[in-house]
Amino acid sequence: MAEITLTFPDGAKRAVPKGASGIEVAKSIAPSLAKRTVAMVLDGVLMDAADPIEHDAAIKFVARTDPEALELIRHDCAHVLAEAVQDLWPGTQVTIGPVIENGFFYDFAKAEPFHPDDLPRIEKRMREIIAKSAPFAKEVWGRDKAKAFFEEKGEHFKVELVDAIPAGEDVKIYKQGEWLDLCRGPHMTSTGQIGNAFKLQRFSGSYWRGDAQGPQLQRIYGTAWASDKDLAAHLHMLEEAEKRDHRKLGREMDLYHFQEEGPGTVFWHAKGWTLFQALVSYMRRRLAGDYDEVNAPQVLDKSLWETSGHWGWYQDNMFAVKSASAFENPRDEARDQRVFALKPMNCPGHVQLFKFGLKSYRDLPVRLAEFGCVHRYEASGALHGLMRVRAFTQDDAHVFCTEDQLEAECLKINDLMMSVYKDFGFQEVTVKLATRPEKRVGTDAMWDHAENILRKVLAKMAAEDSRIKTGINEGEGTFYGPKFEYTLRDAIGREWQCGTTQVDFNLPARFGIFFVDADGEKKQPVMVHRAICGSLERFLGILIESTGGHLPLWLAPVQAVVATIVSDADQYANEAVKALRKAGLRVETDLRNEKINYKVREHSLAKVPVLLVVGKREAEERKVSVRRLGSDKSTVMSLDEAIAALKEEATPPDLKRD
RNA sequence: GCCGCAAUAGCUCAGCCGGUAGAGCACCGCAUUCGUAAUGCGGGGGUCGGGGGUUCGAGUCCCUCUUGCGGCACCA
């Protein structure tokens, strides 16, 4: 019999019969190895342990506790979920059930909706199935057999999936006892290896093939881990994330609120607005010298949006306004029936600003910045706290330049982005190039050209800054041009797309803008749209969640509270606050007739970074007892020392550099 | 927008088979001057999200609208 050579992770080599399965090889080494093997990695590819090995390869046996097994546990768990659901509700059709970050889901087509009480029932059935520990058995079926089988069972979605498998690829079936599923695999050797460290979390609606026009399915989400400890850790992490929810913190810190009459719009409280303004002031300083800050109208004639293309593309998501009397009397032609749009973007406004007056090549690049408040009629189901709203402020800018200047402008923007993110404590940044979408405007030649420039720039950016990871988002560009998407990773590992740089050859053409070049000819500039924070509202939401409300001193709306222990210290407390404010600090007093314990608790819950406690002693010695948020220790120092230290710490990072 | 769930005092929540609302915190008043995460006592506060229906009677059951929550879809 022909032999092949397997190479093990430790470099050891072993000759085995050609066509032997992974399990057979493991058994030949040691029965215990075979017993704990749930899968194998062959030349870097995760496979069933029962698959035959046909040629020389690097092999690694995967145990249930190996990191490679985690996706198998989750995927197997999805299969068991599907079996349990079909057990409990015969006639339910199964569709797909992939592994996702931290878990899995399965989409079902079922006439009756799931009920919250169903989850524990399903979970119970799953544990029973797992307890039976049926082996996973793979079979390769003929396409016709598979189609006939699923058709006969009324599994119409599976039939579609079989049809979608490319010719020449096997139609694989995985059996677990009586139940089976069409599946690419791989799987572990039996359902028993899934273990018990899983939990069904929630269910929701979803769409077949992600198509909102298509059939609506019901999705069940679960999480699964190798051990109870890992599961518990994950659930604990979810609880922690919930505590940081900016909607909850916003209320506790008295920053903002939402109410029924203004769906998707923010009521900024005084403290929240102070935070907002601290962000705007910072960004404004970062623009100084390079950008001209402008302000374009909030409401502009519909025709402008037709020219820009927004009306055609995003009409459903735009707010349109007429005069109130025109609304009441829509047929009265004597009244102004003109339709205006609330701006959803700043760019058409900035184009008008560029157009005003003749521009020379000497003026370029023209960089117009605006903290523009835009309105977008977002779908009701999309709204989410500060993260997705219908009115938000962008730190927007448009650069009008020549094609020759494009690369340098993109790099300049990139430098600013990275510097800003660093100031807010974000170290890891991913920049992805989003290329032409299916639905778009402009010629292919234009897209080729623009994408090529950005590809080149992306390579340069990555070469110049080791913090930048890069990638490509195929087909994710905007309708008018390709873009860079900047994604930040927050303190608890979540990713947020914030910045964007978009190259646009279209808008200049649509609006017919030009500059006079050195040769006296009219030339069309290129436009670069760029935002760093993106939506300031959302960016603050991210900051609040990332810091858990423990904002750095320079951003905290109330930087310190001077709290008295006895009323004898009131006068001194007032003097201290006066001195602190004189130093530019945002400070409040708490002279209430309450115990110091009460005050400490209250200001801690409100996330005030610094508590300056003053009693009789401090008043007599002109000192303060400094207690930092999150610490139960306090340090007594002179008022002057405290002011100097806080003033230094509260200086925004950009001002410290100068 | 779609699927599911929910909405009771400022906040967090209880309220059974339908019988006309309750707690804690917060707020107000009084007492207390106290050394680093809740001082005590007293008081006020609700068209039970809006509208309609069933019923002798609706916070509770039904319909509908609005808003929120979890996803999906969308995100210029």
Side-chain angles (χ1 to χ4, degrees), chain A residues 105 107 110 112-116 118 201-221 245 247-248 251-252 257-264 305 308-318 343-348 374 376-385 387-389 392 394 396 437 476-481 483 497 500 502 504 506-507 529 531 534-535 538 563-570 592-606 611-618 625-636:
Chain A
F105 67 75
D107 280 350
K110 174 168 168 283
E112 290 296 307
F114 286 114
H115 184 271
D118 292 339
Q201 293 167 297
R202 61 177 75 88
F203 57 89
S204 76
S206 65
Y207 296 106
W208 172 237
R209 299 203 149 138
D211 176 7
Q213 311 309 320
Q216 178 115 31
L217 306 172
Q218 296 188 68
R219 175 172 299 180
I220 296 181
Y221 284 94
D245 190 311
R247 292 166 297 189
K248 185 173 135 72
R251 200 170 38 239
E252 290 170 1
H257 82 268
F258 299 86
Q259 65 187 49
E260 202 166 330
E261 293 83 354
W305 305 103
S308 73
H310 290 100
W311 191 265
W313 285 81
Y314 291 107
Q315 203 185 108
D316 289 349
N317 299 297
M318 285 170 69
K343 67 175 175 184
M345 292 279 292
N346 299 303
C347 33
V374 295
R376 299 179 181 179
Y377 188 82
E378 302 286 4
S380 56
L383 303 178
H384 179 96
M387 303 303 193
R388 196 75 182 274
V389 287
F392 60 98
Q394 290 178 314
D396 203 4
E476 297 289 315
T478 70
F479 73 91
Y480 51 73
K483 62 175 175 180
Q497 203 232 295
T500 177
Q502 311 174 351
D504 184 357
N506 271 297
L507 225 45
H529 311 237
S535 150
R538 181 166 170 275
T564 51
I565 296 172
V566 291
S567 50
D568 286 349
D570 285 4
R592 289 176 303 173
N593 178 13
E594 294 290 350
K595 291 185 139 184
I596 194 62
N597 284 308
Y598 181 89
K599 296 185 183 181
V600 167
R601 175 180 156 80
E602 197 159 273
H603 299 301
S604 299
L605 290 173
L611 196 56
L612 301 172
V613 176
V614 295
K616 247 183 215 165
R617 273 203 307 274
E618 287 79 5
S625 170
V626 183
R627 180 183 166 127
R628 303 293 306 223
L629 177 61
S631 162
D632 55 1
K633 294 194 178 60
S634 50
T635 317
V636 178

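Chain identifiers are assigned alphabetically (A, B, ...) following the order of the sequence lines, protein sequences preceding nucleic acid strands; residue numbering begins at 1 within each chain. Because the structure is predicted, anything quoted here is derived from the model rather than measured.
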Does a side-chain N or O from A/Tyr221 land closer than 4.0 Å to OP1 or OP2 of B/C72, or not? yes
Sticking with atom C1', work out how far B/G4 lies from B/C16, rounded to a whole angstrom. 26 Å
On RNA chain B, more 5' by nearest nucleotide between A/Lys483 and A/Gly615 is A/Gly615
Should A/Asp245 and A/Arg247 count as an ion pair when the cut-off is N to O under 4.0 Å? yes
Return no unless some side-chain N or O of A/Arg627 is found under 4.0 Å from OP1 or OP2 of B/A37. yes
Candidate nucleotides B/C75, B/C72, B/U39, ranked by approach to the side chain of A/Arg376 - the nearest: B/C75
With a 4.5 Å limit on heavy-atom distance, are the side chains of A/Gln502 and A/Tyr480 in contact? yes
Using a 4.5 Å cut-off on heavy atoms from C-beta on, say whether the side chain of A/Trp305 contacts that of A/Met318. yes
Tell me which nucleotide among B/A73, B/A37, B/U36 gets nearest to the side chain of A/Ser634. B/U36
Identify whether any heavy atom of A/Asp211 sits under 4.0 Å from a base atom; if not, whether one sits that close to sugar-phosphate; answer base, sugar-phosphate or nothing. nothing
Just to be sure I understand the rule, does A/Pro113 reach a base, reach only the sugar-phosphate, or reach nothing, if contact means heavy atoms closer than 4.0 Å? sugar-phosphate
Which whole-number value in Å describes the distance from A/Arg538 CZ to B/A76 P? 11 Å
Would you measure the distance from the P atom in B/C17 across to the matching atom in B/C62 and give it in whole Å? 13 Å
Report yes if a side-chain nitrogen or oxygen of A/Tyr598 is closer than 4.0 Å to either non-bridging phosphate oxygen (OP1 or OP2) of B/A26; otherwise report no. yes
Among A/Ile565, A/Val636, A/Val626, which one satisfies side chain to side chain contact (heavy atoms under 4.5 Å, CB included) with A/Val613? A/Ile565
Check whether any side-chain heavy atom of A/Phe392 lies under 4.5 Å from a side-chain heavy atom of A/Arg376, and answer yes or no. yes
Which nucleotide in the list B/U67, B/A73, B/G35 gets nearest to the side chain of A/Ala379? B/A73
When you compare the side chain of A/Leu507 with that of A/His529, does any pair of heavy atoms fall below 4.5 Å? yes
Starting from the 5' end of RNA chain B, give me the residue, A/Gly385 or A/Phe479, whose nearest nucleotide shows up first. A/Gly385
Does A/Glu618 contact B/G35 through a side-chain donor or acceptor facing the base, at a distance under 3.5 Å? yes
Between A/Ser380 and B/G1, is there a contact of a side-chain N or O with OP1 or OP2 at under 4.0 Å? yes
Measure from the side chain of A/Lys595, starting at C-beta and using heavy atoms only, and say which of B/U39, B/A76, B/G68 lies closest. B/U39
Rounding to an integer number of Å, can you tell me how far A/Glu602 CD sits from B/A38 P? 12 Å
Answer yes or no as to whether B/A76 has its base stacked against A/Tyr314, where stacking requires a ring-centre separation under 5.5 angstrom and planes under 30 degrees apart. yes
NA contact type, A/Gly381, heavy-atom cut-off 4.0 Å: base, sugar-phosphate, or nothing? base
Interatomic distance at P, B/C11 relative to B/U47, whole Å: 13 Å
Short side-chain N/O contact from A/His603 to OP1 or OP2 of B/U36, under 4.0 Å: no
Rounding to an integer number of angstrom, what distance separates B/C69 and B/U12 when you compare their C1' atoms? 16 Å
A/Arg388 CZ to B/A76 C1', in whole Å, measures 11 Å
More than 12 non-hydrogen atoms from neighbouring residues, nucleotides or ligands closer than 6.0 Å to CD on A/Glu112, yes or no? no
Under 4.0 Å between a side-chain N/O of A/Lys248 and OP1 or OP2 of B/C11, yes or no? no
Winner on side-chain proximity to A/Arg251, out of B/G1, B/U12, B/A76, is B/U12
Side-chain touch A/Lys483/A/Asp504, heavy atoms, less than 4.5 angstrom: no
Taking only the side-chain heavy atoms of A/Leu605 (C-beta and beyond), determine which of B/A76, B/A37, B/C34 contains the nearest atom. B/A37
Taking atom C1' in both B/G43 and B/A26, compute the distance separating them and give it to the nearest angstrom. 14 Å
Just so I know, are the side chains of A/Arg219 and A/Arg202 near enough to count as touching, which here means a heavy-atom distance under 4.5 Å? no
Checking all strands, does A/Ser206 fall into the base, sugar-phosphate, or nothing category for heavy-atom contacts under 4.0 angstrom? sugar-phosphate
Considering only the P atoms, how many Å lie between B/G52 and B/A58, rounded to the nearest integer? 13 Å
Taking atom C1' in both B/G1 and B/U54, compute the distance separating them and give it to the nearest angstrom. 32 Å
Look at the side chain of A/Tyr207 against the base of B/G1 and say whether a donor-acceptor pair falls under 3.5 Å; ignore hydrogens and angles. yes
Partner residues of A/Asp118 under the side-chain contact (heavy atoms from CB on, under 4.5 Å) criterion, sequence neighbours left out: A/Trp89, A/Phe114, A/His115, A/Arg121, A/Ile122
What is the distance from CG of A/Leu383 to P of B/C69, rounded to the nearest Å? 8 Å
Not counting sequence neighbours, which residues clear salt bridge (charged side-chain N to carboxylate O under 4.0 Å, His left out) with A/Glu252? List them please. A/Lys248
Would you say B/G68 has OP1 or OP2 under 4.0 Å from some side-chain N or O of A/Arg247? no
Watson-Crick and G-U pairing of RNA chain B written in dot-bracket, each distance under 3.5 angstrom, with | for inter-strand partners: (((((((..((((.....[..)))).(((((.......))))).....(((((..]....))))))))))))....
Checking contacts here: which listed nucleotide (B/C27, B/U36, B/A76) is nearest the side-chain heavy atoms of A/Ser625? B/U36
Base, sugar-phosphate, or nothing: which does A/Ile565 touch, judged by heavy atoms less than 4.0 Å apart? base
Do the side chain of A/Glu618 and the main chain of A/Gly615 share a donor and acceptor less than 3.5 angstrom apart? yes
Could you state the atom-to-atom distance from CD of A/Glu594 to P of B/C25 in whole Å? 13 Å
Work out how far the P atom of B/A6 is from that of B/A38, and round it to whole angstrom. 37 Å
With sugar-phosphate meaning primed atoms plus P, OP1 and OP2, does A/Phe258 contact a base, only sugar-phosphate, or nothing at under 4.0 Å between heavy atoms? nothing
Syn or anti for B/C56, please, going by whether the chi angle lies within 90° of 0. anti
Rounded interatomic separation in angstrom, taking CZ from A/Phe114 and P from B/C5: 13 Å
Please give, in whole Å, the distance from B/C5 C1' to A/Ile220 CD1? 15 Å
Sugar-phosphate, base or nothing in reach of A/Lys633, heavy atoms under 4.0 Å: nothing
Closest nucleotide among B/U33, B/U66, B/G4 to the A/Glu260 side chain: B/U66
Has A/Asn597 got a side-chain N or O lying under 4.0 Å from the OP1 or OP2 atom of B/A37? yes
In whole angstrom, give the distance that lies between atom CD of A/Glu261 and atom P of B/G68. 11 Å
